[in-house]
Visitor: 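Just dropping this structure here.
Naming: A, B, ... by sequence-line order, numbering from 1 per chain.
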Amino acid sequence: MLTVTDLSIRFERYDRGLTRTVLTPVHHLDLDIGPGEIVAVIGASGSGKSLLAHAVLGILPDNCRVDGEIRFKGDPLTPARQKALRGREMVLVPQSVGFLNPLKNVGAQVRRAAILGGAAGRDAPGITDAAFARYGLAPAVQALFPFQVSGGMARRVLTATATVGRADLIVADEPTTGLDQEAAQQSMAFLRSLADEGRSVMVISHDLSAVVPVADRVAVFLSGTTVEGAPAGSFNGQPEALRHPYSRDMWRALPGHGFDPGPDRAAGPTWSEGEADGCPYVRRCARADAACADTFPPKRHFGRDFVRCRHA
Amino acid sequence: MLEARGVGHRHGRNGPWVVREVDLTVAPGEVVGLFGPSGAGKTTLGNILGGYLAPEAGAVFVDGAPLPRRGYLPVQCIHQHPELAVNPRWPLSRTLREAWSPPEALLGALGILPGWLGRYPHELSGGELQRLVVARALGPKTRYLVADEMTVMLDALTQARLWRTVMDHCRERGVGMLVISHDVALLSRVCSRTISL
Amino acid sequence: MRAARTVFPGSPGLAGLRLAEALGLGSRRGRWLWAMGICLAVFAAVPVLAWLLGDAGLEPDLLARNQPPSLGHLFGTDSLGRDMLSRTVHGLVLSLRVGLLAAAASSVLALVLGVASASLGRAADGVVSWLVDIFMTVPHMVLLILISFAVGGGARGVVIAVALTHWPALTRVIRAEVLQLRGALYVQTARRFGQGPLAVAATHMLPHLLPQFLIGLILLFPHAILHEAALSFLGVGLSPHTPAVGILLAESMRHLSTGYWWLGILPGAALLALVKCFDILGYNLDRLLDPKTSQE
């Protein structure tokens with residue numbers, strides 16, 4: 001359904017005066033999502049995961065340059081095609097109600113999404129009612145404005161907005177943040193039901209324990225690149241089921257597992273600092289050697305799984 | 001001893017009580033968890049204890065005296081969103097110095113790199129900012145720490161590392177902590193007892 | 001995030017492109033600075049030009065009446081033979097002076113009222129909001145004319161009227177900004193580290209307020225200038241012999257049908273250009289000072 005190959009995103013930014021800096025928040029990124037699958041992109045907050053979603057939908061700011069290839073249903077996603085498909089065949093479930101129009105009630109916004117998604121104008125109210133019922137929202141909620149809905153309700157409204165259409169690709173940005181455990185599980189269950197209808201879902205999250213039980217596959221995101229692609233089940237067993245040292249350290253750090261902050265090697269940055277540098281995990285990795293610091297680790301495949309580590 | 005005695009809060013004269021009749025104590029060096037579903041008033045209670053909100057009913061006492069209204073507050077709060085807790089137009093070194101001058105060793109233990117201090121908040125990630133916010137709150141005059149979903153925005157590794165350092169620091173100095181979280185696994189890791197709202 | 005601290009290389013090829021690069025035109029921020037510099041140069045040029053032209057062109061010259069634009073009289077002459085370029089430039093100087101006075105007075109008023117409204121409690125807020133509402137509901141021109149007459153008319157009346165009517169919008173902006181700052185977590189946290197209220201206001205709140213204030217001030221100029229012109233156009237206040245753009249435009253109305261197009265169009269275009277310069281200056285300053293757009 002969606003295949004991302006060797007994606008990089010660069011943008012230039014001003015420092016003091018007229019000096020410009022080129023940042024590469026995303027590079028060497030590979031991802032592949034099949035129909036009916038939930039793929040979770042897991043990584044530290046602020047590490048550029050949202051940029052990946054924005055690149056797929058073509059909503060990056062103007063000063064960005066995107067390289068690499070994104071294919072949707074087999075054909076490359078050009079800016080024109082992104083514009084045509086956005087909101088119709090691929091939709092974003094944003095992080096918060098801050099993304100909704102504050103001046104329109106939520107019912108009107110879901111109806112508009114339905115029409116954008118291809119429904120006829122007169123069918124839209126019916127589809128909207130059905131979507132509200134499906135996510136356990138009372139019909140009266142349709143008349144509320146975004147600032148009036150609570151966190152859990154907002155999550156359902158956002159999901160409804162993104163799913164009234166016939167979109168085949170759903171991108172959910174941090175669908176569990178700010179929700180308590182029950183609401184978070186419900187939010188993930190909504191996405192599961194959408195995947196079970198044959199749609200593809202990309203979930204972007206830093207919250208391993210909330211996302212992994214529902215996802216099919218996990219892509220581990222570190223410093224702008226995917227260092228490992230593995231079945232979600234690998235996170236349920238022993239850390240040895242995972243291939244990349246970062247994935248294993250992350251697994252061991254979960255409160256429900258070891259709560260182990262890992263070897264305190266330099267407590268180094270989670271962001272590496274130069275294009276030509278080696279492995280992004282080199283400063284924190286217990287197995288790093290000189291070669292890891294010099295060359296970017298090649299991608300090694302194991303069936304559908306892959307890892308970017310010289311030692312795995 | 002940090003104490004809440006019969007604390008209650010509601011919005012407006014006739015609004016429903018968000019928090020009602022809460023009694024709670026945190027002893028120096030003790031780590032107490034506060035658990036509850038969203039909307040139970042965890043954050044409201046945390047803000048009352050940290051002096052951000054005056055309670056409608058009851059009062060908060062530190063070592064027997066009411067919360068001071070001026071000067072350095074012995075109860076410090078750390079919130080979920082570090083980017084709201086720092087001035088976006090200040091370099092981070094200035095933000096840090098506003099409270100105290102943390103020693104190099106503490107900055108190192110929190111994984112704060114010297115280079116971050118010259119930068120502005122929007123140039124750092126949420127995890128990096130939160131470490132600075134934590135360092136800022138750990139001054140010698142801090143007797144109690146209220147951590148409201150302190151690591152909910154962070155990945156597992158950063159979360160574990162941050163808690164390790166904060167727990168060590170607080171144990172060493174006898175700082176009492178109230179840990180507000182919806183994460184049962186986390187609470188059972190760090191707290192000696194847990195209260196449900 | 002990977003950061004390479006490099007300046008973008010200059011575009012290869014054409015010398016013109018190289019020159020543009022050297023001047024900083026190749027970068028967004030460079031273009032903003034250039035636009036602002038040009039605007040400032042225009043403002044400086046107006047009084048300098050008035051001084052160079054002197055007052056000679058303002059005297060009637062009955063031998064050179066109603067001449068179309070030529071090298072001798074770039075903007076042509078009017079029915080009394082006065083040089084329209086001199087009259088326009090002197091009019092623009094007056095516009096700038098009125099604009100400066102009125103915008104300064106209005107923005108100081110807005111700053112005081114806005115800060116008071118947001119920090120002195122409910123009663124002060126009520127009074128200021130009520131005043132703002134009153135001033136905003138009365139049609140602007142009516143208010144201008146009323147105040148202008150009430151304070152005794154003349155040039156003084158125009159300045160006072162323009163100064164007293166342009167504060168409400170900026171007051172609202174500043175009030176909202178202060179309210180938001182007072183509620184900001186980092187401001188409240190600063191108090192908990194033992195910072196006094198005055199220290200917090202000076203170190204945390206002022207740096208946020210100043211850019212808003214500065215931009216508000218600059219964007220008041222075009223309003224003030226256009227309203228001065230409008231008042232003069234309607235004949236309120238200034239004597240018909242004063243070279244004010246509004247008066248020039250009013251006079252030109254009588255000659256429009258006779259084909260003396262330069263009497264209205266050229267001073268009008270000059271006024272428009274001046275106003276647009278303020279607009280561009282304010283817009284670019286806003287983009288430069290806002291950290292969100294500044295780094296793009």
Visitor: If every non-hydrogen atom of Pro102(B) is compared with every non-hydrogen atom of Leu96(B), which pair is closest and at what distance?
Guide: CG-CG, 3.8 Å
Visitor: Is there a side-chain contact between Thr158(B) and Gln130(B) in this structure, where contact means two heavy atoms from C-beta onward sitting under 4.5 Å apart?
Guide: no
Visitor: Does atom CZ of Phe43(C) have more than 12 heavy-atom neighbours from other groups under 6.0 Å away?
Guide: yes
Visitor: Are Gln76(B) and Lys141(B) side-chain neighbours, meaning at least one heavy-atom pair lies under 4.5 Å?
Guide: no
Visitor: Looking at side-chain heavy atoms only, is the closest gap between Asp148(B) and Cys77(B) below 4.5 Å?
Guide: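 Heavy-atom side-chain distance check fails, nothing below 4.5 Å.
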Visitor: Decide yes or no on side-chain contact (heavy atoms from CB on, under 4.5 Å) for Val166(B) and Leu145(B), but give the supporting numbers first.
Guide: CA-CA 10 Å; Val166(B) 172; Leu145(B) 205 60; 4.1 Å; yes
Visitor: Residue by residue, which of residues 186-201 of chain C have a heavy atom closer than 4.5 Å to a heavy atom belonging to chain B?
Guide: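 The list, in residue order, reads Tyr186(C), Gln188(C), Thr189(C), Ala190(C), Arg191(C), Arg192(C), Phe193(C), Gly194(C), Gln195(C).
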Visitor: For Arg193(B), is the CZ atom crowded, meaning more than 12 foreign heavy atoms sit under 6.0 Å from it?
Guide: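 Yes, the 6.0 Å shell around CZ holds more than 12 heavy atoms from other groups.
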Visitor: Asn47(B) versus Val146(B): any side-chain heavy-atom pair under 4.5 Å?
Guide: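 No, every pair of side-chain atoms sits at 4.5 Å or beyond.
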Visitor: Tabulate, in ascending numerical order, the residues of residues 22-32 of chain B having at least one heavy atom closer than 4.5 Å to a heavy atom of chain C, or enter 'none'.
Guide: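 Listed by number: none.
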Visitor: Are Val132(C) and Met136(C) side-chain neighbours, meaning at least one heavy-atom pair lies under 4.5 Å?
Guide: yes
Visitor: What part of Arg136(B) is in contact with chain C, defined as an atom under 4.5 angstrom from a non-hydrogen atom: side chain, backbone, both or neither?
Guide: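 For Arg136(B), the contact with chain C is made by backbone and side chain together.
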Visitor: Stepwise, does the side-chain contact (heavy atoms from CB on, under 4.5 Å) test hold for Leu274(C) with Val42(C)?
Guide: CA-CA 8 Å; Leu274(C) 190 71; Val42(C) 169; 4.2 Å; yes
Visitor: Under the side-chain contact (heavy atoms from CB on, under 4.5 Å) rule, what do Leu2(B) and Leu178(B) come out as? Steps first, then yes or no, please.
Guide: CA-CA 10 Å; Leu2(B) 174 66; Leu178(B) 182 72; 5.6 Å; no
Visitor: May I ask you to test the Leu132(B)-Leu124(B) pair for a side-chain heavy-atom distance under 4.5 Å?
Guide: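 Leu132(B) vs Leu124(B): side chains touch.
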Visitor: Stepwise, does the side-chain contact (heavy atoms from CB on, under 4.5 Å) test hold for Met150(B) with Trp163(B)?
Guide: CA-CA 9 Å; Met150(B) 179 171 81; Trp163(B) 275 112; 3.7 Å; yes
Visitor: Are any of the side-chain heavy atoms of Lys42(B) and Ser181(B) separated by less than 4.5 Å?
Guide: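 Result no, sub-4.5 Å side-chain heavy-atom pair not found.
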Visitor: Report, by ascending residue number, the residues of residues 94-115 of chain C in heavy-atom contact with chain B at a distance under 4.5 Å; give 'none' if the set is empty.
Guide: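 Under the 4.5 Å heavy-atom cut-off, nothing qualifies.
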Visitor: With a 3.5 Å distance limit and no angle check, can you tell me whether Tyr120(B) reaches the backbone of Asn87(B) through a side-chain donor-acceptor pair?
Guide: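 Judged by distance alone, no pair lies under 3.5 Å.
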Visitor: Check for a donor-acceptor pair, side chain of His227(C) on one end and backbone N or O of His223(C) on the other, with a separation under 3.5 Å.
Guide: yes
Visitor: Name, in order of residue number, those residues of residues 163-177 of chain C that have a heavy atom at a distance of less than 4.5 Å from a heavy atom in chain B; otherwise write 'none'.
Guide: none
Visitor: Relative to chain C, which segment of Trp100(B) carries a heavy atom at a distance below 4.5 Å: side chain, backbone, both, or neither?
Guide: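 The answer is neither part of Trp100(B).
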Visitor: Check whether any side-chain heavy atom of His79(B) lies under 4.5 Å from a side-chain heavy atom of Val133(B), and answer yes or no.
Guide: no
